[in-house]
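Here the structure comes first, spelled out in structure tokens, and everything after it is commentary.
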Amino acid sequence: MSRTPRVARSLSALRRELDSLRARKATVALVPTMGALHDGHISLVRQAKRRADKVVVSIFVNPTQFAPTEDFGSYPRTWKEDVAKLAAERVDLIWHPDAKAMYPDGFTTRIVPEGPALAGLEDRFRPHFFGGVATVVAKLFAQCRPDVAIFGEKDYQQLRVVTQMARDLDLGVRVVGSRTVRERDGLAMSSRNVYLSADERRVAPTLHRALKELASRLRAGGDMQDALRDGAATITQAGFDLDYLEVRHAETLAPVTQDESGPKRILVAARIGTTRLIDNIAV
């Protein structure tokens with residue numbers, strides 16, 4: 001039988017609940033989310049349960065990572081469904097602050113990340129984004145004091161930014177990336193997939209197919225620039241407006257050459273209709 005998780009909406013309530021969870025020196029894992037939970041989020045929760053005694057899931061649609069032209073107001077919010085899903089997974093605690101609790105009057109401190117946050121990928125198109133992400137995640141880490149935090153690999157640049165921040169600021173949190181969960185046709189699960197029309201949804205898996213073909217050619221020793229050019233053509237001919245398709249070093253996100261050794265990652269972002277999709281794959 002599912003047990004409804006405890007819900008904390010204020011810092012004082014969160015601290016009381018965390019003190020209770022940490023009784024008998026239990027370890028705590030945090031899964032930060034913006035709600036509208038899908039199977040990808042649930043995979044993060046299950047990863048968290050394997051790595052810690054207690055699991056906290058935060059649900060907070062963070063206004064500071066949205067530009068004025070983006071979808072903060074319309075971002076899907078499905079509180080009752082989210083709670084039911086987390087109850088089914090026997091999550092211990094939901095941290096659900098409002099904007100006033102997270103950013104009280106007089107709040108003036110921001111984190112300005114560099115390194116992977118300035119890789120020329122998402123930051124080229126959403127220059128506000130990683131400052132908002134780094135600030136809110138640092139606050140979540142300080143508030144919840146987790147031993148481990150789980151992030152999905154779909155938002156790969158974000159994962160690298162958060163990992164670097166936790167390391168640089170000695171936050172005492174081990175950041176763990178969890179593999180991207182996909183629909184049966186390969187589309188990476190995302191809360192924003194609900195924006196896709198039926199026709200756009202049929203086309204959307206082209207992104208993943210193009211990534212797989214590109215990775216296959218690179219593993220076989222094919223020319224990187226030719227493979228990138230063909231991959232971009234596949235994506236645009238399917239009806240996408242391509243923001244970027246890049247091969248980068250998997251840890252630093254620095255550009256790589258054809259013969260460079262070390263782990264590589266292919267990353268893509270493209271728009272179809274009004275929806276912007278991102279994805280990535282290891283080479």
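Keep in mind that the numbers below use all heavy atoms, side chains included, and drop hydrogens, waters and symmetry copies. Worth saying up front: this structure is predicted, and the values here are computed from it rather than measured.
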Same apolar cluster (I L V M F W Y, side chains within < 4.5 Å links), [X]/[Y]:
| X | Y | value |
| --- | --- | --- |
| Leu228 | Val268 | yes |
| Tyr156 | Leu245 | no |
| Phe151 | Phe130 | yes |
| Met102 | Phe72 | no |
| Val61 | Val136 | no |

Can you check whether [Y]'s main-chain N or O pairs, donor with acceptor, with [X]'s side chain at less than 3.5 Å?
| X | Y | answer |
| --- | --- | --- |
| Asp241 | Arg271 | no |
| Ser216 | Lys212 | no |
| Thr206 | Ile235 | no |
| Thr135 | Gly132 | no |
| Lys54 | Ala26 | no |
| Asp123 | Leu121 | yes |
| Thr234 | Asp230 | yes |
| Asp92 | Val55 | yes |

Next item on the list: For residues 172-214, pull every pair meeting ring pair (Phe, Tyr, Trp, His ring centres under 6.0 Å), keeping only residues two or more places apart or in separate chains.
Entry: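 As it turns out, there is no ring pair (Phe, Tyr, Trp, His ring centres under 6.0 Å) pair with a partner in residues 172-214 once direct neighbours are skipped.
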Please report the closest heavy-atom contact between [X] and [Y], naming both atoms and the distance.
| X | Y | answer |
| --- | --- | --- |
| Val148 | Val173 | C-CG1, 4.1 Å |
| Ala36 | Thr78 | CA-OG1, 3.2 Å |
| Leu30 | Cys144 | CD1-SG, 4.1 Å |
| Pro263 | Glu251 | CG-CG, 4.4 Å |
| Pro146 | Ala29 | CB-C, 4.5 Å |
| Ala204 | Leu187 | CB-CD1, 3.8 Å |

Once you round to the nearest 0.5 Å, how far does [atom1] of [X] lie from [atom2] of [Y]?
| X | Y | atom1 | atom2 | result |
| --- | --- | --- | --- | --- |
| Arg3 | Arg90 | CZ | CZ | 5.0 Å |
| Gln158 | Thr163 | CD | OG1 | 10.0 Å |
| His41 | Ile150 | NE2 | CD1 | 13.5 Å |
| Met34 | Tyr75 | CE | OH | 4.0 Å |
| Leu196 | Thr274 | CG | OG1 | 8.0 Å |

Item checked: Set of ring-ring contact (aromatic ring centres under 6.0 Å, His included) partners for His249, sequence neighbours left out ->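 His249 satisfies ring-ring contact (aromatic ring centres under 6.0 Å, His included) with no other residue.
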Item checked: ring-ring contact (aromatic ring centres under 6.0 Å, His included) partners for Phe141, two or more places apart ->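 ring-ring contact (aromatic ring centres under 6.0 Å, His included) list for Phe141, sorted by chain: empty.
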Item checked: Full working for side-chain contact (heavy atoms from CB on, under 4.5 Å) between Asp185 and Arg201 -> CA-CA 10 Å; Asp185 58 9; Arg201 177 61 185 83; 2.8 Å; yes
Side-chain donor/acceptor pairs under 3.5 Å, residues 275-283, sequence neighbours excluded:
unit_1	atom_1	unit_2	atom_2	d
Arg276	NE	Asp243	OD2	2.8
Arg276	NH1	Glu122	OE1	2.7
Arg276	NH1	Glu122	OE2	3.2
Arg276	NH2	Glu122	OE2	2.9
Arg276	NH2	Asp243	OD2	3.3
Asp279	OD1	Arg182	NH1	3.4
Asp279	OD1	Arg182	NH2	2.9
Asp279	OD2	Arg182	NH1	2.8
Asn280	OD1	Arg265	NE	2.8
Asn280	OD1	Arg265	NH2	3.0
Asn280	ND2	Glu153	O	2.8
Asn280	ND2	Lys154	O	3.0

Side-chain donor-acceptor pair present, [X], [Y], cut-off under 3.5 Å:
| X | Y | value |
| --- | --- | --- |
| Arg160 | Gln157 | no |
| Thr64 | Asn62 | yes |
| Ser12 | Arg15 | no |

Next item on the list: Kindly check if the number of other-residue, nucleotide or ligand heavy atoms within 6.0 Å of CD (Glu114) is above 12?
Entry: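 No.
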Note to self: If you apply the rule side-chain contact (heavy atoms from CB on, under 4.5 Å), what do you find for Leu86 with Ile59, and how did you get there?
What the structure shows: CA-CA 11 Å; Leu86 296 178; Ile59 296 179; 4.2 Å; yes
With a 4.5 Å heavy-atom cut-off, do [X] and [Y] have their side chains touching?
| X | Y | answer |
| --- | --- | --- |
| Arg22 | Asp147 | yes |
| Trp95 | Leu18 | no |
| Leu218 | Lys264 | no |
| Ser191 | His38 | yes |
| Val161 | Val133 | no |

Checklist line | Candidate pair Asp71 and Arg192, rule salt bridge (Lys or Arg N to Asp or Glu O under 4.0 Å), full reasoning | finding: CA-CA 10 Å; Asp71 59 339; Arg192 288 187 170 97; 3.0 Å; yes
Next item on the list: Look at the aromatic rings of Tyr103 and Phe107 and report parallel, tilted or perpendicular, splitting at 30° and 60°.
Entry: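 Perpendicular, since the angle between the ring planes exceeds 60°.
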Notebook entry, point to check: What do the steps show when you test Leu44 against Thr33 for side-chain contact (heavy atoms from CB on, under 4.5 Å), and what is the final call?
Noted result: CA-CA 10 Å; Leu44 304 182; Thr33 83; 5.7 Å; no
Checklist line | Counterpart residues, side chain to side chain donor-acceptor pair (under 3.5 Å), relative to Glu183 (two or more places apart) | finding: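 Glu183 satisfies side chain to side chain donor-acceptor pair (under 3.5 Å) with no residue once adjacent residues are dropped.
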Next item on the list: Please step through side-chain contact (heavy atoms from CB on, under 4.5 Å) for the pair Glu213 and Arg217, ending with a clear verdict.
Entry: CA-CA 6 Å; Glu213 173 62 22; Arg217 288 177 61 173; 3.4 Å; yes
Next item on the list: Only counting residues at least two apart or in another chain, list the ones meeting side chain to side chain contact (heavy atoms under 4.5 Å, CB included) with Asp223.
Entry: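 Only Gln225, Asp226, Gln258 meet the side chain to side chain contact (heavy atoms under 4.5 Å, CB included) criterion with Asp223.
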